[in-house]
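Written out below as structure tokens is the structure these notes cover.
These numbers come from the heavy atoms of this one structure, side chains and all, not from hydrogens, waters or symmetry mates. In this chain, residues are counted from 1 in sequence order.
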Amino acid sequence: MPLKPPKEAVRPLLEEARRLSGGQATLHFKPASGGLMLLARGLGYPLPLTQGAMGDLLLFAADPQVRAALSGLRYEATHLLLPGPKSLLAVSAYLPQDLPTDRRKEVLGLLRSLEFLGPEKRVPYRVEAVLDPLLRVPALRVPVPQGYTLQGGVVDFTETQRRPVFQLSKGGVVLRREAIYLQALAIATPFGGSPSTILLWNGRAGKVPGFLCVQGPGELPALFAQGLWAWETGSPWEVEKTRPLQGTSRVARYLEGVREAFYWQMGQQMLMAMGRPGDQFQSWRQSLDLRARQGSVGRQAVVEALGFFGYMPSFAASSAHCTLHLEVALVQGTAEALSREEGTLTGVLLGLALDSRWMALEAERSRTVSRDLTRMVLQMNKEAEEFNSWMSRSWTNLLSDQTYARDPATGETFRLYKQSFDTGAFWREPVFGGCWEAWSEAGSWKSSSRPGAGGAWRSP
């Protein structure tokens, strides 16, 4: 924050407490650690401040029922303000008011222990923007520490969505943000199968032999260690540790439950709309801490995965399809290098900032592309239905030459055919003697134009 006198410095924090409490907050001040500590009690849950911590969970927090469930929670905020040579550092902790006393003391003790590093321990950095050449605005701003080089861009993530990706490197240390999309399809018949997989990795598209996908979170480590990373580096990696990452607060766990229920319901609706008896459909989501090693080089990755899997059994041709969305934050280097650069790289990850203007423009672009894609698919379906209908009529007309009917009055068998491309009239030819007769579209009998036609009229 800008360096200001205490009374001016606390003003935005007081305004925040007023908004979060509906004007009912109680405030307390005390000196601490060479600065000032402000305690605000009687707050509601600080939902507007959790964007970076909860990601897409906030989309589900907008539901009125969810807001009603969170409205009864009471929180408190403790702010530590430390004046520096040129700026003011504000560090805040938001805690449930029913938090046990020992946990509260622990957090306040951490706040009181904070102090500025000396100039010799600080890492100079600059802020660079990852530009979007399509929308012509910055998409992401990245703190680039001294000695590091930045490469980045905005890449396709799915048919309609894009993501900013980047790579920071210095010597043998690499920090990168990746977007990966896998789509696999397989059709099995009594005569064989045809599996295929499309891989979109940071905007680069390619085909992978076979049916490459995962049906659950437990298969993610093998997908990276023996699959994606092995292809990238030429040899497999050894998995050292995997750990699911889950929200630790009651609110995060609650919102995760709401999200899982939403995706389950969406899957059931898709089955009802598109499925048949016996069709299977499932979706899953996982946040994973994955650590692997290849010789002296280690990788630490945080993986956000969203998967869909469907299976449609059939006597003639069964099919399976799978899609997998992966967003990965990865650090690579030797153990010594990662230990030395850990603090710097953590600062980079915490300092990443999506541009709000880009987010709005990209959301509108994605909606437009989605609408156009939906319109195109509907038009293709319409044209396919019209073509199938035309083919059905054409085959009916052609096969009518081989269609037989028996006259119930005489017991004679007739072969029926149609001049489908001329008059549209159906003709009737006796197989066992008799005469040529025709039934016009108007429903009346008329003389046949075929040579030698004649004889008596009779009802078909």
Checklist entry - Say you draw a straight line from CG of Leu111 to CG of Leu82; how long is it, rounded to the nearest 0.5 Å? => result 9.0 Å

Item to check | Arg299 side chain reached by Thr233 side chain, heavy atoms, under 4.5 Å | outcome: yes

Item to check | Charged N-O contact under 4.0 Å between Asp372 and Arg375 | outcome: yes

Checklist entry - Heavy atoms, side chains only, cut-off 4.5 Å: are Ser235 and Gln294 in contact? => result yes

Checklist entry - Can you list the steps and then say if Phe157 with Leu326 is a side-chain contact (heavy atoms from CB on, under 4.5 Å)? => result CA-CA 9 Å; Phe157 185 43; Leu326 300 168; 5.8 Å; no

Checklist entry - Given the rule in the side-chain contact (heavy atoms from CB on, under 4.5 Å) test, do Glu342 and Gln300 qualify, once you have shown the distances and angles that lead to the verdict? => result CA-CA 11 Å; Glu342 180 181 10; Gln300 302 175 11; 6.0 Å; no

Checklist entry - Is the side chain of Ser389 donor-acceptor paired with the backbone N or O of Glu386 at a distance under 3.5 Å, no angle test? => result no

Next on the checklist: Quick check: closest heavy atoms across Leu134 and Arg365, and the distance to 0.1 Å?
Outcome noted: CD2-CD, 3.7 Å

Checklist entry - To the nearest 0.5 Å, how far apart are CG in Leu306 and CD in Glu327? => result 9.5 Å

Next on the checklist: What's the separation between atom NE2 in His79 and atom CG in Leu36, rounded to the nearest 0.5 Å?
Outcome noted: 10.5 Å

Item to check | Distance-minimising heavy-atom pair for Gly84 and Leu3 | outcome: O-CD2, 3.7 Å

Next on the checklist: Is there a side-chain contact between Leu73 and Arg250 in this structure, where contact means two heavy atoms from C-beta onward sitting under 4.5 Å apart?
Outcome noted: yes

Next on the checklist: Please give me the minimum heavy-atom distance between Leu99 and Arg104, naming the atom from each residue.
Outcome noted: O-NH1, 3.4 Å

Checklist entry - Within the distance-only criterion (no hydrogens, no angle test), does the side chain of Ser339 pair as donor or acceptor with the backbone N or O of Ala335 below 3.5 angstrom? => result no

Checklist entry - What pair of heavy atoms forms the shortest contact from Arg74 to Gly44, and how long is it? => result NH2-N, 3.6 Å

Item to check | Atom CD of Glu383 with >12 non-hydrogen neighbours under 6.0 angstrom | outcome: yes

Item to check | Side-chain touch Leu290/Trp237, heavy atoms, less than 4.5 angstrom | outcome: no

Could you list the donor-acceptor pairs under 3.5 angstrom formed between side-chain atoms of residues 199-224 and any protein atom two or more places apart in sequence or on another chain?
from: Trp201; atom 1: NE1; to: Glu178; atom 2: OE2; distance (Å): 3.2
from: Asn202; atom 1: OD1; to: Ala179; atom 2: N; distance (Å): 2.9
from: Glu219; atom 1: OE1; to: Gln215; atom 2: N; distance (Å): 3.2

Checklist entry - Is atom CD of Glu115 surrounded by more than 12 heavy atoms (other residues, nucleotides or ligands) closer than 6.0 Å? => result no

Checklist entry - Does Glu8 CD have over 12 foreign heavy atoms under 6.0 Å away? => result yes

Item to check | Pairwise distance CZ(Phe308) to CZ(Arg285) - rounded to 0.5 angstrom | outcome: 7.5 Å

Item to check | Val154 to Ala139 - nearest heavy-atom pair and separation | outcome: CG2-CB, 3.7 Å

Next on the checklist: Is it the case that over 12 heavy atoms from other parts of the model lie below 6.0 angstrom from the CE atom of Met380?
Outcome noted: no

Item to check | Any donor-acceptor pair under 3.5 Å from Ser366 side chain to Glu362 backbone | outcome: no

Checklist entry - Is the number of heavy atoms from other residues, nucleotides or ligands under 6.0 Å of Glu240 CD greater than 12? => result yes

Checklist entry - Any idea which heavy atoms bring Ala32 and Leu80 closest together, and the distance? => result O-CD1, 3.9 Å

Item to check | Candidate pair Leu168 and Val348, rule side-chain contact (heavy atoms from CB on, under 4.5 Å), full reasoning | outcome: CA-CA 9 Å; Leu168 273 176; Val348 172; 3.6 Å; yes

Checklist entry - Under the 3.5 angstrom rule, does the side chain of Arg163 hit a backbone N or O of Thr158 as a donor-acceptor pair? => result no

Checklist entry - Any Lys/Arg nitrogen of Arg103 or Glu106 sitting under 4.0 Å from an Asp/Glu carboxylate oxygen of the other? => result yes

Next on the checklist: More than 12 heavy atoms of other residues, nucleotides or ligands under 6.0 Å from CD of Glu232: yes or no?
Outcome noted: yes

Checklist entry - Are Asp132 and Arg162 close enough, and set up right, to give a side-chain contact (heavy atoms from CB on, under 4.5 Å), and what steps lead you there? => result CA-CA 10 Å; Asp132 183 347; Arg162 300 185 304 154; 2.4 Å; yes

Next on the checklist: Checking the side chain of Ser113 only, and the main-chain atoms of Leu110 only, is there a donor and an acceptor separated by less than 3.5 Å?
Outcome noted: yes

Item to check | Any His28 side-chain heavy atom under 4.5 Å of Thr26 side chain | outcome: yes

Checklist entry - Can you find a pair of side-chain heavy atoms, one from Trp358 and one from Pro138, that are under 4.5 Å apart? => result no

Next on the checklist: Check this for me: Gln24, atom CD, are more than 12 non-hydrogen atoms of other residues, nucleotides or ligands nearer than 6.0 Å?
Outcome noted: no

Item to check | Ionic contact status for Glu15 with Arg18, cut-off 4.0 Å | outcome: yes

Checklist entry - What distance separates Arg41 CZ from Leu27 CG, expressed to the nearest 0.5 Å? => result 11.5 Å

Checklist entry - Do the side chain of Arg291 and the main chain of Gly298 share a donor and acceptor less than 3.5 angstrom apart? => result no

Checklist entry - Counting only heavy atoms not in Arg371, do more than 12 fall under 6.0 Å of its CZ? => result yes

Checklist entry - Can you name the residues that form a ring-ring contact (aromatic ring centres under 6.0 Å, His included) with Tyr125, not counting sequence neighbours? => result none

Checklist entry - Hey, does the side chain of Arg293 reach the backbone of Ser296 with a donor-acceptor pair shorter than 3.5 angstrom? => result yes

Checklist entry - With side chains defined as the heavy atoms from C-beta onward, is the minimum distance between Tyr148 and Val142 less than 4.5 Å? => result no

Checklist entry - Is there a side-chain contact between His325 and Tyr181, using heavy atoms and a 4.5 Å cut-off? => result yes

Checklist entry - About how many Å separate CZ of Arg176 and CZ of Phe166, when rounded to the nearest 0.5 Å? => result 11.5 Å

